[in-house]
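The next block holds one structure in the form of structure tokens; read it before the comments.
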Amino acid sequence: MPRELHEAAAVDGAGALRRFWSVTVPGVRNTMLLVSVMITVSALRVFAELYVLTDGTGGVGGADVSVVMLIQMYARGFSGNLGYASALSLLLFVVTLAPLLLIARINRGRG
């Protein structure tokens, strides 16, 4: 954020909290939105860590405490239930694509 914007807001009488909400947050809104979507997509894509830690069962003793969508797709697909695995993969695609389209729509209006 340019220091001049904060200085101008201070000259106009804005306090620290008002400068934060009126100058800083709008200036970094696109970055915050992008980072939040990237974190969400990364959280949906977690597979290897949980698969290795739980030995592919989803939890201790076969309890499904850490089954994520990718592990469930993998298990259903390799157990012969390809339709269910395909439906899960399509759902994951839609859930991942929706925030990205939201970012594209928000950024289109700012150009």
Side-chain angles (χ1 to χ4, degrees):
M1 291 298 312
R3 180 176 291 268
E4 292 82 21
L5 291 176
H6 284 281
E7 290 173 355
V11 167
D12 288 343
L17 189 60
R18 175 50 97 188
R19 283 194 312 258
F20 175 75
W21 284 111
S22 298
V23 176
T24 304
V25 170
V28 296
R29 181 182 8 230
N30 289 339
T31 304
M32 289 187 324
L33 189 59
L34 177 66
V35 168
S36 65
V37 168
M38 298 289 282
I39 289 171
T40 303
V41 169
S42 296
L44 288 172
R45 294 184 56 218
V46 66
F47 175 78
E49 296 88 353
L50 288 176
Y51 189 79
V52 168
L53 287 172
T54 63
D55 199 25
T57 61
V60 179
D64 294 337
V65 293
S66 63
V67 172
V68 293
M69 196 177 294
L70 287 174
I71 289 178
Q72 193 169 6
M73 282 184 336
Y74 175 81
R76 297 291 177 125
F78 282 107
S79 68
N81 197 349
L82 295 178
Y84 193 84
S86 297
L88 283 175
S89 66
L90 193 61
L91 179 66
L92 181 64
F93 174 72
V94 169
V95 167
T96 304
L97 186 66
L100 297 176
L101 291 176
L102 177 70
I103 284 182
R105 184 177 174 112
I106 289 172
N107 285 336
R108 188 177 336 147
R110 296 180 190 262

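Here the structure is a predicted model, which means the values were calculated and not measured. Any value given below was found using the heavy atoms of this structure, including those in side chains, with hydrogens, waters and symmetry copies removed.
The OG atom of Ser89 sits 12.0 Å away from atom OH of Tyr84, with the distance rounded to the nearest 0.5 Å. For the atom pair Leu101 CG and Thr96 OG1, the distance stands at 11.0 Å (nearest 0.5 Å). In this structure, Met38 CE and Leu100 CG are separated by 8.5 Å, a value rounded to the nearest 0.5 Å. A distance of 12.0 Å separates CG in Asp12 from CZ in Arg18, rounded to the nearest 0.5 Å. Between Ile39 atom CD1 and Leu34 atom CG the span is 10.0 Å, to the nearest 0.5 Å. One finds the CG atom of Leu91 at 9.5 Å from the CE atom of Met73 (value rounded to the nearest 0.5 Å).
A single hydrophobic cluster is seen to contain both Leu17 and Leu5, as judged by linkage of ILVMFWY side chains at heavy-atom distances under 4.5 Å, directly or through other members. In the hydrophobic clustering of this structure, Val25 does not group with Val35; members are Ile, Leu, Val, Met, Phe, Trp, Tyr whose side-chain heavy atoms approach within less than 4.5 Å, directly or through other members. The same ILVMFWY cluster, assembled from side-chain heavy atoms under 4.5 Å apart, contains both Phe78 and Leu92.
Formation of a donor-acceptor pair under 3.5 Å by the Arg19 side chain with backbone atoms of Ala14 is found in this model.
Heavy-atom minimum distance, Val23 versus Ala9: CG2-CB, 4.0 Å.
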